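These notes concern the structure reproduced below.
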Amino acid sequence: MPEPPTCGHSGTVAAVLPSGRYCHYCRRYGPEFLRPCSRCNRIDHLTAQLCRHCRAADALAATFTDDVLRRQPKLAALNQHLRDADTDYVVSLTTRRSNVWRTITAVTALREPVTHDRLDRLGTMRAVSQVRSLLVQLDVLPSRDEYAIAFQALAAREIAALPHGPDRLAVRQFVRWRQQRTDTTRHLTMTQAANDRNELRVILSLIRAVNAASATINTAQQATLDSWVVSVRTPLKARRFLLWCATSGTNTGLVAPGYQRKPFNLGGKLTGSNEAALRRALTEDIHPPRIRLAVVLTIAYGIRVHKIVQLRRDALALIDGRPRIRFGTLDLELPVVAAPWVESILAGTTVRNRVGGRPGDEIWIFPGYRHDDHMLPGSLAAKLRAIGVSPRRAHQAAAASLITQVPPAVIARLLGISLTTATAWYALAGSNIEHR
Ligand SMILES: [Zn+2]
Ligand SMILES: [Zn+2]
């Protein structure tokens, strides 16, 4: 039965001195075991008669030999860096057999100068990453776009796992095309890399959906895309890929989901309030003629109030008893019930609120408080809201029904939106029967 330590710790005895019996911990760290180094006389806990400084220096000398530094002169910088480093750090590095030290010794063992590619072959990306950044920091290796490279590796793996050749080809070409478009003088940030990974993930989800419908990306049907779009959280992440599919000829039949910067519901229904207001305007003689006209233009035609207030009286006409209104070069027919309003407006608009003004306005259908100026859009919108009209919703609902029937250029003029927006809506509405 071995006697217990007298140092006050439990465990087995590791060393016996005249002062008592000591455990393993005390033998390594206790002040009783400090000795002068056999080489440099530094007082330390010795291993093989040597202090930590001498052991660290020996480990470095054994690793960075003359032979190694002749083969890879640039490693002198790493050698110097470690010599200047904190001794405890170097000792723990070399004795704990860390990934870092294992990688460093593997690098010094290379027959040819270390490169990123050679470093890649020494271990996983994660295992060699610390040494890589140290080598880049010391100018042994040029800096490299690590996030981009990690993404390329991920993409290559995912693409190889796709079951169908056409899908592999399309995604590979798209990833390459994207890469050519990024600014290679600047490294990818962590956020950009995360975005790229998300985009790839969504594209792969689309391809799985397409495959499930017994197709590949180049034979995929819009119906498959449409049902996929509503089944995923971020379908817009596949937008760039789908646009690329169209321009590259991979699949020209697919219409990518669009961005909806302004909330705009294609095929939006008339709200109850707008429908009631329209019916009142058409059938009841409550509001002045120009307000009834504004209600019809807003709800039935989706024309925005800033366009309506700019209407001049000479834009209205009664031709053979049929009321018409002109927006720029566009001539619109108005409902027949509007004929008396048009007649009344053409007969002269009474302006009561203008201080010292003329009783009528020669120019505008919706005259403002100031002479020679039309009403402010906000004022008309307020008047419309006061009688239950929501101009914005009306615009959306009416635009939706117009869009499928009128060319984009006309819609753009009529609704006061850009031609690009109108074309996008038109494409979206025209491509999808359900939205009509
Ligand atoms: Zn002890
Ligand atoms: Zn020493």
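Counting starts at 1 for both ligands and their atoms, in listed order. Nothing here was measured: the structure is a model prediction, and the numbers come from that model.
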Give me the one residue out of L204, V202, V210, I203 that meets side-chain contact (heavy atoms from CB on, under 4.5 Å) with L206. V210
Parallel, tilted or perpendicular: which one describes the rings of W177 and W244, with boundaries at 30° and 60°? tilted
At distances under 2.8 Å, what protein N, O or S atoms surround the Zn ion (ligand 1)? C7 SG, H9 ND1, C23 SG, C26 SG
Step through the shown structure and confirm whether more than 12 heavy atoms of other residues, nucleotides or ligands are within 6.0 Å of CZ on R28. no
Can you count the protein N, O or S atoms that lie less than 2.8 Å from the Zn ion (ligand 2)? 4
What do the steps show when you test D67 against R71 for salt bridge (Lys or Arg N to Asp or Glu O under 4.0 Å), and what is the final call? CA-CA 6 Å; D67 194 30; R71 279 202 312 270; 3.2 Å; yes
L141 CG to H116 NE2 distance, which is reported to the nearest 0.5 Å: 4.5 Å
Within a reach of under 6.0 Å around OH of Y147, are more than 12 heavy atoms found that belong to other residues, nucleotides or ligands? no
Should the pair R55-D44 be classified as a salt bridge under the 4.0 Å nitrogen-to-oxygen rule? no
May I ask you to say whether R121 pairs ionically with D117, meaning some side-chain N is under 4.0 Å from a carboxylate O? no
Look at D120 together with R132 and state whether they make a salt bridge at an N to O cut-off of under 4.0 Å. yes
